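So that the names make sense, note that chain A is the first sequence line, chain B the second, and so on, each numbered from 1. Everything numeric here is computed off the predicted structure, so don't read it as measured data.
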Protein chains: 2
Amino acid sequence: MERRRQARGERRMAEILDAAADAFAELGYEKASTNAIAARAGISPGSLYQFFPSKEAVARALADRFVADMRTAHASAFGGADVAAMDLGELLDRVVDPLVAFNLANPGFKALFARPDMPAALAESSQPIQAAMLGQVESILGARVPGLSPDGRARSARVLVRIFQAMTPLVTAAPEEERPAEIAELKRVLGGYLTSLSA
Amino acid sequence: MERRRQARGERRMAEILDAAADAFAELGYEKASTNAIAARAGISPGSLYQFFPSKEAVARALADRFVADMRTAHASAFGGADVAAMDLGELLDRVVDPLVAFNLANPGFKALFARPDMPAALAESSQPIQAAMLGQVESILGARVPGLSPDGRARSARVLVRIFQAMTPLVTAAPEEERPAEIAELKRVLGGYLTSLSA
DNA sequence: TGAAAATGCGAGCGACCGCTCGTATTGTTC
DNA sequence: GAACAATACGAGCGGTCGCTCGCATTTTCA
């Protein structure tokens, strides 16, 4: 069912995703109308639907792109480091700082990621992001807290991801001079929870 | 500008708020249409607007009612206890358990309270709830962590409330047999953060 | 008891939504 | 360069939303 794309088409698709990320960031998923996304991309509503069959498909494609970008960022920040032996503070720096930077660089990200009450369609779209983060956190938990049962590990991973989701807006919304303090609080929460898990 | 209400009118207003709480809980704020709220209350759309000038006003009134109910619940759970001397585990039980119970008993509550990305109108409506919780948490923080600066206390209160908001859906959405475990995680997160604040 | 006020109704307005479709233009292929 | 596919347009469809308005009914109160 895939139609053959020209180079121009590929470029358009990327532009549409850029516009969608902008619109989601500024207006939220629901209020970002497809016509508004098309207008931001400098094209007509009809042209958007040449490339994506629905608004949900746009969100899904954007989520996929975020996951890919995040994976490379995470890999480059974590290349070959020994998670188990690392100092807790360093571990938190290594995980949190790149993720915060990613959120600051991609304001649309949290609109797809940090919403507890997503409509069903959007929840499915952002599920790859959730799964990717949960997997990474679970593997870190496995190395740091070896005594945890699989159930407990899954639960703790959910908790950690949730905390991060919830506190990210506090960090990104803070004026720049207060951002380090908010990031410190975020690390304090995560660190406190991890410490009490090991106890 | 207040019009004179009959007893029937007061009853209707309460029924509308009940219906709105139901609808918000089931559909979320945005998708709970005013016509749907009116239908759940067993009245016509026009009648709803006899009592509330807008959907936002309905949300605001509902939030006010929640705040009042929450205040009495909190007061009865906390009557004359010595917050500063209390064991940390007991403090968490005393604060968290009633709040969790309140959320379980009022499913519409979190639709107005636990949304990181509220539309501006809703944010203003739920602001009394936020303010009430922040105030209570700040006063507890003042007693438990006396070394904190006013800024730091405000920041930590925001963090604690945010954590509670974020984790409440995990608790209420969990099947009943897993709920105690989720509540325990919530307390672990809060306790871990408080402990690291005092250190 | 009668006028005024409060309550109640529901069709439907105007605005916006996601999306379609007929048509024009640009690019590819042979 | 002819035939065809891909890209581009934008008016507008069918639907939902918050909300209004004209009018009927019930309650209050002198």
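For the pair A:Arg11 and D:dT7, the criterion of a side-chain N or O lying under 4.0 Å from OP1 or OP2 is not met. OP1 and OP2 of D:dT20 both lie 4.0 Å or more from every side-chain N or O belonging to B:Tyr49. Between B:Ser47 and C:dC9 there is a side-chain polar atom (N or O) within less than 4.0 angstrom of OP1 or OP2. A close approach under 4.0 Å does occur between a side-chain nitrogen or oxygen of A:Arg12 and OP1 or OP2 of D:dA8. Taking only side-chain nitrogens and oxygens, A:Arg5 comes nearer than 4.0 Å to OP1 or OP2 of D:dT7. Under 4.0 angstrom from either OP1 or OP2 of D:dG18 there lies at least one side-chain N or O belonging to B:Thr34.
Distance from the side chain of B:Phe51 is smallest to C:dT7 among C:dT20, C:dT7, C:dC9. Listed nucleotides D:dT7, D:dT20, D:dT27 differ in distance to B:Gln6; the shortest reach to its side chain belongs to D:dT27. The nucleotide whose nearest atom lies closest to any side-chain atom of B:Arg3 is, among C:dC9, D:dA11, C:dT7, C:dT7. Distance from the side chain of B:Ser54 is smallest for D:dC19 among the nucleotides C:dC19, C:dT7, D:dC19. Of all nucleotides listed (D:dA11, C:dT7, C:dG18), C:dT7 comes nearest to the side chain of B:Gln50. The nucleotide whose nearest atom lies closest to any side-chain atom of A:Arg4 is, among D:dT26, C:dT29, D:dA8, C:dT29. For B:Ser44, taking side-chain heavy atoms from C-beta onward, the closest of the listed nucleotides C:dT7, C:dC19, C:dC9 is C:dC9.
Residue contacts for A:Ser33: at a heavy-atom cut-off of 4.0 Å it reaches the sugar-phosphate backbone alone, with no base atom in range. Residue contacts for B:Ala32: at a heavy-atom cut-off of 4.0 Å it reaches the sugar-phosphate backbone alone, with no base atom in range. Among the protein residues, B:Gly46 comes within range of the nucleic acid bases, having at least one heavy atom under 4.0 Å from a base atom. Using a 4.0 Å heavy-atom distance criterion, B:Leu48 is classed as making no nucleic acid contact.
Relative ring orientation between A:Phe24 and A:Tyr29 is described as tilted, the plane-to-plane angle lying within the 30° to 60° band.
A salt bridge does not link A:Lys55 to A:Glu30: none of the charged side-chain nitrogens sits closer than 4.0 Å to a carboxylate oxygen. In summary, A:Glu26 and A:Arg40 engage in a salt bridge, as defined by a charged side-chain N under 4.0 Å from a carboxylate O. Between B:Arg11 and B:Glu15, no side-chain nitrogen of the basic residue sits less than 4.0 Å from a carboxylate oxygen of the acidic one, so the salt-bridge criterion is not met. Using a 4.0 Å cut-off between charged nitrogen and carboxylate oxygen, A:Arg94 and A:Asp87 do not count as a salt-bridge pair.
Taking only distance into account, the side chain of B:Asn35 meets the base of D:dC19 through a donor-acceptor pair shorter than 3.5 Å.
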